[in-house]
Amino acid sequence: MGRTSDARSKILSAAQSLIELRGYSALGVAEICKAAGVPKGSFYYFFESKEALALAVLAEQWAAQRRDWDRVLRSDQEPLLRLRQLFEETAAAQRAGQATCGTVSGCMFGNLTLELSNQTEAIRERLQEIFDAQVDMVEEVISAALERGDVTVTATRDAARSVVAQLEGQVLFAKLYNNTAPLDALWLNCLALLGVRTPGVGVAAV
């Protein structure tokens, strides 16, 4: 039982690393199994197809990211400070990845949206669920900031979508140019998107 569980986790870990480096479509099952150090038969024991593997990779990646977003966005800090911390940790993760492998890996969800969302409805739906969950979490923070009078935007759902889109877009530019400098604009752009008052206590503190 220990070996089978270990094989599945090895396949997922190898797939995540390879997808981040090269994308998904060009990968073959044999290459994934070789990187994982498991026989090819193990792949089909756990995953009926590459699509099933992609869905499992998305689930693992989102579970990990959601824990981080929960920790940051549902902390006791003032709402705007939570958003700033989210941007800072996102930028730090991209810079760490670049330092390790020489390239900015970008966001797996954004990368797979561009690569796979027109190819399989199951993956499209899963990515939609993930981004909707991100928007939900950001909207909670914006609503809290609105209650405090820290922002002037009132269409909190639209604002949350704009913040998430800005985050994804700047990460995409960082990947495209292999340069994390675009991530430096996240905070000021967010303040403009939310119509932050001049300056509230939360903004002055940073």
Side-chain angles (χ1 to χ4, degrees), residues 9 12-13 16 19-20 55-98 104-113 117 123-175 180 182-206:
S9 64
L12 281 171
S13 178
Q16 286 178 330
I19 289 170
E20 286 180 350
L55 290 169
V57 168
L58 285 172
E60 289 276 315
Q61 189 78 1
W62 174 232
Q65 188 184 92
R66 182 158 201 156
R67 286 192 293 271
D68 289 336
W69 281 44
D70 273 330
R71 171 179 51 80
V72 173
L73 295 183
R74 290 171 175 158
S75 73
D76 293 331
Q77 289 195 96
E78 295 175 10
L80 291 177
L81 295 182
R82 297 178 222 163
L83 286 177
R84 182 165 192 175
Q85 184 177 346
L86 177 67
F87 299 151
E88 290 174 344
E89 292 195 7
T90 298
Q94 294 297 324
R95 292 185 178 109
Q98 184 183 38
V104 177
S105 61
C107 169
M108 180 180 288
F109 307 133
N111 296 344
L112 290 180
T113 294
S117 63
I123 291 176
R124 180 203 295 272
E125 290 176 357
R126 186 68 184 108
L127 287 165
Q128 287 176 349
E129 290 170 358
I130 290 169
F131 282 119
D132 283 345
Q134 291 182 351
V135 171
D136 289 342
M137 297 173 76
V138 172
E139 186 180 13
E140 288 179 16
V141 178
I142 295 173
S143 295
L146 180 61
E147 288 180 4
R148 288 168 48 92
D150 292 339
V151 300
T152 58
V153 65
T154 55
T156 57
R157 187 68 178 179
D158 290 341
R161 285 189 179 277
S162 295
V163 170
V164 172
Q166 190 232 164
L167 180 59
E168 280 295 319
Q170 296 290 19
V171 170
L172 176 64
F173 277 130
K175 177 180 173 67
T180 57
L183 302 176
D184 295 336
L186 284 169
W187 176 235
L188 291 180
N189 288 349
C190 178
L191 297 181
L193 283 170
L194 299 182
V196 173
R197 297 183 185 278
T198 309
V201 174
V203 182
V206 294

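In this structure, CG in Leu183 is found 11.0 Å from CZ in Phe87, a value given to the nearest 0.5 Å. We find the CE-CG distance between Met137 and Asp70 to be 4.0 Å, quoted to the nearest 0.5 Å. Atoms CD1 and CG, from Ile130 and Leu58 in turn, are 5.0 Å apart once rounded to the nearest 0.5 Å. Between the CD atom in Glu139 and the CG atom in Asp158 there is a gap of 9.0 Å [rounded to 0.5 Å]. Atom-to-atom distance recorded for Asp76:CG and Leu81:CG is 12.0 Å, nearest 0.5 angstrom.
Ala185 pairs by the side-chain contact (heavy atoms from CB on, under 4.5 Å) definition with Gln170, Asn189, not counting sequence neighbours. Under the side-chain contact (heavy atoms from CB on, under 4.5 Å) criterion, Arg161 pairs with Asp132, Val135, Arg157, sequence neighbours left out.
With hydrogens and angles left out, the side-chain atoms of Gln85 and Glu89 include a donor and acceptor closer than 3.5 Å.
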Pair Leu12-Val57, side-chain contact (heavy atoms from CB on, under 4.5 Å): steps then yes or no: CA-CA 6 Å; Leu12 281 171; Val57 168; 3.9 Å; yes
Test side chain to side chain donor-acceptor pair (under 3.5 Å) applied to Glu60 and Gln16, step by step: CA-CA 9 Å; Glu60 289 276 315; Gln16 286 178 330; 4.9 Å; no
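The shortest non-hydrogen separation linking Ala133 to Arg66 is CB-NH1, 3.8 Å. Nearest heavy atoms, Glu168 versus Cys107: OE2-SG, 3.1 Å. What you find for Ala59 and Arg126 is that their closest heavy atoms are CA-NH2, 4.4 Å. When all heavy atoms of Gln98 and Thr180 are compared, the pair lying nearest together is OE1-CG2, 3.8 Å. Across every non-hydrogen atom of Phe131 and Thr113, the tightest pair is CE1-OG1, 3.5 Å. Across all non-hydrogen atoms, the minimal contact from Leu80 to Val151 is CD2-CG1, 4.0 Å.
Counting heavy atoms from C-beta outward, Leu186 and Leu86 have side chains that stay 4.5 Å or more apart. Counting only heavy atoms from C-beta outward, the side chains of Trp62 and Leu127 never approach each other to under 4.5 Å. A 4.5 Å side-chain heavy-atom check between Glu88 and Arg84 finds at least one atom pair inside the cut-off. With contacts defined as side-chain heavy-atom distances shorter than 4.5 Å, the pair Val171/Phe109 does not qualify. Residues Leu83 and Leu73 are in side-chain contact: their nearest non-hydrogen atoms beyond the backbone lie under 4.5 Å apart. Taking the side chain as every heavy atom from C-beta outward, Leu146 and Val153 never approach each other to under 4.5 Å.
Put simply, the side chain of Ser75 gets close to the backbone of Val72: a donor and an acceptor are under 3.5 Å apart. Checking side-chain atoms of Thr156 against main-chain N and O of Ser143 turns up no donor-acceptor pair under 3.5 Å. Formation of a donor-acceptor pair under 3.5 Å by the Asn111 side chain with backbone atoms of Ile19 is not found in this model.
Salt-bridge check for Asp136 with Arg74: failed, with every basic side-chain N at 4.0 Å or more from each acidic carboxylate O. Classification of Arg82 and Glu140 as a salt-bridged pair fails, no side-chain N sitting under 4.0 Å from a carboxylate O.
Within a 6.0 Å radius of CZ in Phe173, other residues, nucleotides and ligands contribute 12 heavy atoms or fewer.
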